[in-house]
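Each remark here refers to the structure printed beneath this line.
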Amino acid sequence: MKEKYYITTAITYANAKPHIGHAYEEIATDVLARWRRVTGYDVQFATGSDEHSSNVEARARELNQPPQEYCDRMAEVFQNTWQALNVSYDQFIRTSDKRHHQAAKEIVRRVQAAGDIYPGHYEGWYCNSCENYYIETELKDGLCPTHGIKAVWLSEENYFFRLSRFARPLLEHIAKHPEFIQPVSRYNEVMNIINSGLKDISISRASTQWGIPFPDDPEHIIYVWFEALINYLSAIGFPDDMETFNRFWPADIHVIGKDISRFHCIIWPAMLMAAGLDLPKQVFGHGFIHLKGEKISKTRGNVLDPLELVRAYGVDPFRYVLLASGNFAGDRDFSEEEMVERYNSDLANDMGNLLNRTLTMVEKYCEGRVPKPPEAKDLTVMSDLSMMPELQWRMPEIWEELEKSTPQDMTLRKTAVNLYSMFDQAMEKMDFSGALAIVWNLVKQANKYIEESSPWSLFKQGKKIEGHDYDHVNLVMYNLLEVLRLVALYIHPFMPGTTPRILAQMGYAPEQKFEFPEDSYWGRLPSGQKIAKGEPLFPRIERDKVLKP
RNA sequence: CGCGGGGUGGAGCAAUGGUAGCUCGUUGGGCUCAUAACCCAAAGGUUGCUGGUUCAAGUCCAGCCCCCGCAACCA
């Protein structure tokens, strides 16, 4: 049986349509999910929408719609957006789903039964516009700092979650599992918060109706955060389908934005402990996207619609550029200029052009078929050495011989053969730009290799490999095609639509399936296959056309 | 005020205390298989400031300056 892998994004808040920041998280998580799938895991990838809370209710009221109807529409917008971005989620969980209601109530009951919920009351300065409490020092002359209206002293009867009790168990758990909170900067942050003391938190609201009723007290609804986190359980069947649930829980990773790490690294694990469930193995709080140094902000109005970028540049280029620079742990800057630059330099010039020029040469020098590599017999032997791919290049004597006469060919092969472990390591560290850089290093090397071996003159001279009756140009072309095949495979998690396009031009059937690591071994490209050169993968974008009026 | 993240060649980013690298851009040259693409070379940095520790500091310590985020809609 395959090993399971359960991965989630944060569910999207239904008060506005998704912007590029949401897309960033969805795409990054999708890349991880896809990589796990091709490397043989049984993956569940869950995402969804967070639909309760007074903000959502207020937004619906503004639009003169019942909250449920409004949320139905938003959930559709989210799903359409993720599909347009080619996000391969398995579950889309809505917090207004019946199954989620059941899960949330069940968790509250369990935590209650454990004695970690008690009735109490909450009071403080309350702004009717933000529907939020403030502490005295936050107010400016008794006025709400955001709305400038008078705050009122309000007192509410609420249920409280005994969060304070969990400081010690949390610290113990983190000590035992230091990888629980990633990256380190988030870890430090969370440790600071825990060490400075945890207070019990109010987990019910009586002021609104839009939410999940508190078990046995329908006057109250469950506070959104407390309830929303439970989506990670309801998405995989809790509490109805415990078989599926038990297969996939605990989550292997929650991918979230750095701003909500305290909820995921403190409240959430405490809730799970209280309810007697295992904790997720890891929470990764990624950095934010800034647009030309500025924070994305609805009030600033600089939100970039991911769908517009997809329309202008294509899904795969968008996905690529989003993850090809910066680092996922820290913040990263993005601009449409960067989009165009990286599209042109990496996709059009480096990779697209490599495919194009290679296929042209195969047509001219090899009659449009994948040439036979020298001593195909030995190549088969090499595939059997697949258990140690990093040793492949050393084994057969033929290659040692070749190395003497054609050192460039061997250098290229070595790079290609070492790809898998390096790529996998980068993915393990959530280093997307690093993983792509590793692949692009091979692409660049292949372009250089063409220059150094100049197949056009090998062909004109009919040059043979030293000591063999074998046209050197065929070796060069085979190596290039093999590099392209590997590149196509490795970029699949990032650019799932591009892989089949490359393979098709190389003569594969459209439905060609592959898996790692087997298909990443050198020499899997069958010779004799007729190539089918097509249109350039990524035609260059002319700068002038881009800069909008 | 508090907490957190940063300040590295024109731009965006890297560097277990040990010759400061990468991508893009710029300049010059080369090639002709290719999407005016590709390859080579060069220019461009006293790593925010000031002290300190060390044989050795972008990296550690102290102080200061500046930018950004959280706290307060937004991954």
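On a predicted model such as this, the values are computed, not experimentally measured, just so you know. Below, chain A is the first sequence line, B the second, and so on; all start at residue 1.
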Which residue lies more 5' along RNA chain B, comparing A:D331 with A:D259 via nearest heavy atoms: A:D331
Parallel, tilted or perpendicular: ring planes of A:F328 versus A:F284, cut at 30 and 60 degrees: parallel
Integer angstrom distance from the C1' of B:G7 to that of B:G12: 14 Å
Distance, P atom - from B:A43 to B:G5, rounded to whole angstrom: 38 Å
Separation of B:C3 P from A:E189 CD (nearest whole Å): 13 Å
Strand partner of B:U19, provided both Watson-Crick or wobble distances fall under 3.5 Å: none
Pairwise 5' ranking along RNA chain B for A:N188 and A:E338, keeping only the more 5' one: A:N188
Candidate list A:D431, A:D424, A:L419, test side chain to side chain contact (heavy atoms under 4.5 Å, CB included), partner A:I438, passing option: A:L419
ring-ring contact (aromatic ring centres under 6.0 Å, His included) evaluation trace for A:F161 with A:F166: CA-CA 10 Å; A:F161 172 51; A:F166 292 93; 5.7 Å; yes
Span that lies between the P atom of B:C61 and that of B:U53, in whole angstrom: 15 Å
Partner nucleotide, any strand, of B:G4 [Watson-Crick/G-U, under 3.5 Å]: B:C68
Closest nucleotide among B:G69, B:A75, B:C73 to the A:K258 side chain: B:G69
Same-atom distance (P) from B:G17 to B:G45, integer angstrom: 27 Å
Same-atom distance (C1') from B:A14 to B:C22, integer angstrom: 7 Å
Length of the line joining A:R332:CZ and B:A11:C1', which is rounded to integer Å: 14 Å
Integer-rounded Å distance: B:A14 P and A:D431 CG: 10 Å
Nucleotide paired to B:A41 in any strand shown, Watson-Crick or G-U, under 3.5 Å: B:U27
Nearest-angstrom distance, P atom, B:A75 to B:A37: 40 Å
Test log, rule side-chain hydrogen bond (donor to acceptor under 3.5 Å, both in side chains), inputs A:Y187 and A:E179: CA-CA 9 Å; A:Y187 174 94; A:E179 74 293 343; over 6 Å; no
Ion pair A:D316/A:R501, N-O distance below 4.0 Å: no
Sugar-phosphate, base or nothing in reach of A:N192, heavy atoms under 4.0 Å: sugar-phosphate
Aromatic plane relationship, A:F288 with A:H286 - under 30° parallel, 30 to 60° tilted, over 60° perpendicular: perpendicular
Strand partner of B:C49, provided both Watson-Crick or wobble distances fall under 3.5 Å: B:G63
Nearest-Å distance for atom pair CG/P, residues A:N195 and B:C3: 14 Å
Among A:W440, A:Y313, A:F538, the one residue meeting ring pair (Phe, Tyr, Trp, His ring centres under 6.0 Å) with A:Y320: A:W440
P-based separation of B:U8 from B:G58 [nearest Å]: 15 Å
Under 4.0 Å protein heavy-atom contacts per nucleotide of nucleotides 30-40 of chain B, with B for base, S for backbone only and - for none: BSSBBB-SBSS
Polar side-chain atom of A:S53 near backbone of A:N55 as donor-acceptor pair, under 3.5 Å: yes
Rounded distance (Å) that lies between atom P of B:U23 and atom CZ of A:F432: 22 Å
Between B:G69 (P) and A:D333 (CG): distance, integer Å: 12 Å
Check: A:N356 side chain, A:G352 main-chain N or O, donor-acceptor pair, under 3.5 Å: no
Distance in angstrom units between A:Y343 OH and B:G25 C1', rounded: 20 Å
Whole-Å distance separating the CZ atom of A:R342 from the P atom of B:G25: 11 Å
Inter-nucleotide C1' distance (B:A15, B:C65), Å rounded: 25 Å
